There are 2 protein chains.
Amino acid sequence: MDPPPGLCCNRAMPDAKPPAAGGADAAAPAAPAFSPLYQQIQALLTRSLTLGEWKPGEALPSEPELAQRFKVSQGTVRKALDALAAAGVLVRRQGRGTFVATHAEAQVQYRFLRLMPDQGVREAMRRRFLDCRRQRAPAEVARALGLGGGDSVLQIRRLLLAGEAPVVLDDIWLPARLFKGLTAERLAAYRGPMYGLFEAEFGVQMIRADEKIRAVAARADEAALLGVAEGSPLLLVERLSFTYGGRPVELRRGLYHTASHYYRNELN
Amino acid sequence: MDPPPGLCCNRAMPDAKPPAAGGADAAAPAAPAFSPLYQQIQALLTRSLTLGEWKPGEALPSEPELAQRFKVSQGTVRKALDALAAAGVLVRRQGRGTFVATHAEAQVQYRFLRLMPDQGVREAMRRRFLDCRRQRAPAEVARALGLGGGDSVLQIRRLLLAGEAPVVLDDIWLPARLFKGLTAERLAAYRGPMYGLFEAEFGVQMIRADEKIRAVAARADEAALLGVAEGSPLLLVERLSFTYGGRPVELRRGLYHTASHYYRNELN
DNA sequence: ACGCATTTGTTCGTATGTATT
DNA sequence: TAATACATACGAACAAATGCG
């Protein structure tokens, strides 16, 4: 924890306490109380991203610039950037720069959608928005999104279609406070993925998501919308999406018709 | 491509050709024809792992030793090791060493099983082996595993139970050539995950897997084994597992009863 | 078409910190 | 306490990709 042999003032954070001397060595798993320099830089970068200093798709300053700004070596900046790139927050491109990851680019369109067709390659699906209303958050939704009892949410219902066949029925809940002015018309008018709209129009960037997947039987209304028989098996995908700092900002309940599509996953 | 300013003979591979001079710069995407040093080291390490020079759970030589062996700097070795650790092939432990990843350790038991209970924490499930027979590979299985028409496979059928309730029905196909002498008795006798047995007894290490997930209706026989009504929705998880070098060595078709469990996935 | 400046990627070397035995 | 191993941090140099003049 001592400053490197170079100049003084090499610390980028207030000051980390030395690891607690003495006492039992039963270190609580969630109490490092200090962190390596590159993780501090990583936290500072994350904070700047949160504050919108660099917006999705934009380039960050070059490595030497960041090194100078934080008063650390280029290698340390690089390690922080690599970690953020590994987490999908940044994208590095040799010879061009380091960019803020975005959902709006064609190359990585539908970053979070794991549905693949049995035959052929994945193509953009058609969207049909069925509903978009503002309402008091149901208890379960409020709990998942960390909202208070009185807060309201936007509920969006939409279909994704491959050709003429409906494949996905999504119900989406968003904190109304973060998405003021979002309407079905704006959703329908936007070209590109919904998460791109969230980034560009509302400054909400989805960084990570957790999904719980089950098989369920189609209810009558769901079956009608998806064009399947009532009771047909459907994939239920409950997704909770997070923005910077691990804050949940979207709950999504998707029903996937998996007759000619499947959910793809890679394990390692 | 020139040797670094240090000593001579700094190349660890026969000799990489210089990037094709002249000609259109339309570099074919699948023809790098050369690679950075650390990737060459990574390939050499992978080869040694394939050959069993270090077995699952064992420690590799230390970084300085590997650096000396491959005639590169410790930093380059480190980058290769980090890449393999990121891929899940190795596990690094500060102060102890770098170890070959294994499916047999309690800490990471069931590396590939993403099934979680709705309530409580994940616990080891009971296994019940229903069948283990040798047969000619069905066409579909042969194709997935890259086998010839005449090759035979072992087919294993088993249940996983949480408490008394069956939750997973697995059908597993393995190339018989790689798993000579595998019987239901040996499977039942082995403590720990099946992949641990494959590692320890047959030297087959599962590195990676692809899964295709769908919702299907339970057939009569499947429903009976899982204790659900015929036609109940079940999660169908088709897994193709790979060993070193991307060689497929296991096909698995799992039916998950997702009433009180779910398939967990993280996106980023 | 060519070269130049910029930016990330790779590689080396060295020193020090932290965890484990 | 000492030895060993991985982790962090610094600095320097060159390679490869990109974009611009």
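Computed from a predicted structure; not experimentally measured. First the proteins, then the strands, lettered A, B, ... as listed; each starts at 1.
- Not counting sequence neighbours, B/Glu58 has no partner by the salt bridge (charged side-chain N to carboxylate O under 4.0 Å, His left out) test.
- Distances were taken from every side-chain heavy atom of B/Glu65 (C-beta onward) to each of D/dT8, D/dA5, C/dG13; the shortest belongs to D/dA5.
- Counting only residues at least two apart or on different chains, no salt bridge (Lys or Arg N to Asp or Glu O under 4.0 Å) pair has a member in residues 38-49 of chain B.
- Among residues two or more places apart in sequence or in another chain, the side chain to side chain donor-acceptor pair (under 3.5 Å) test is passed with B/Arg186 by B/Glu201.
- Residues that satisfy the salt bridge (charged side-chain N to carboxylate O under 4.0 Å, His left out) test with B/Arg143, not counting sequence neighbours, are absent from this structure.
- The side chain to side chain donor-acceptor pair (under 3.5 Å) test applied to B/Glu250 returns B/Tyr195, B/Ser241, B/Arg252, not counting sequence neighbours.
- The side chain to side chain donor-acceptor pair (under 3.5 Å) check on A/Glu211 picks up A/Arg239, A/Tyr263, with sequence neighbours excluded.
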What protein N or O atoms touch nucleotides 17-21 of chain D N or O atoms at under 3.5 angstrom, if any, and at what distances?
| unit_1 | atom_1 | unit_2 | atom_2 | d |
| --- | --- | --- | --- | --- |
| D/dG19 | OP1 | A/Arg96 | NE | 3.4 |

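- For the segment residues 74-83 of chain B, the set of residues with a heavy atom within less than 4.0 Å of an atom of DNA chain C comprises B/Thr76, B/Lys79, in numerical order.
- The stretch residues 46-61 of chain B does not touch DNA chain D, since none of its heavy atoms comes less than 4.0 Å from the strand.
- When the salt bridge (charged side-chain N to carboxylate O under 4.0 Å, His left out) test is applied to B/Arg264, the partners found at least two apart in sequence or on another chain are A/Asp210, B/Glu266.
- Partners of A/Gln39 according to the side chain to side chain donor-acceptor pair (under 3.5 Å) rule, which considers only residues two or more places apart in sequence or in another chain, do not exist here.
- Partners of B/Phe202 according to the ring pair (Phe, Tyr, Trp, His ring centres under 6.0 Å) rule, which considers only residues two or more places apart in sequence or in another chain, are B/Phe179.
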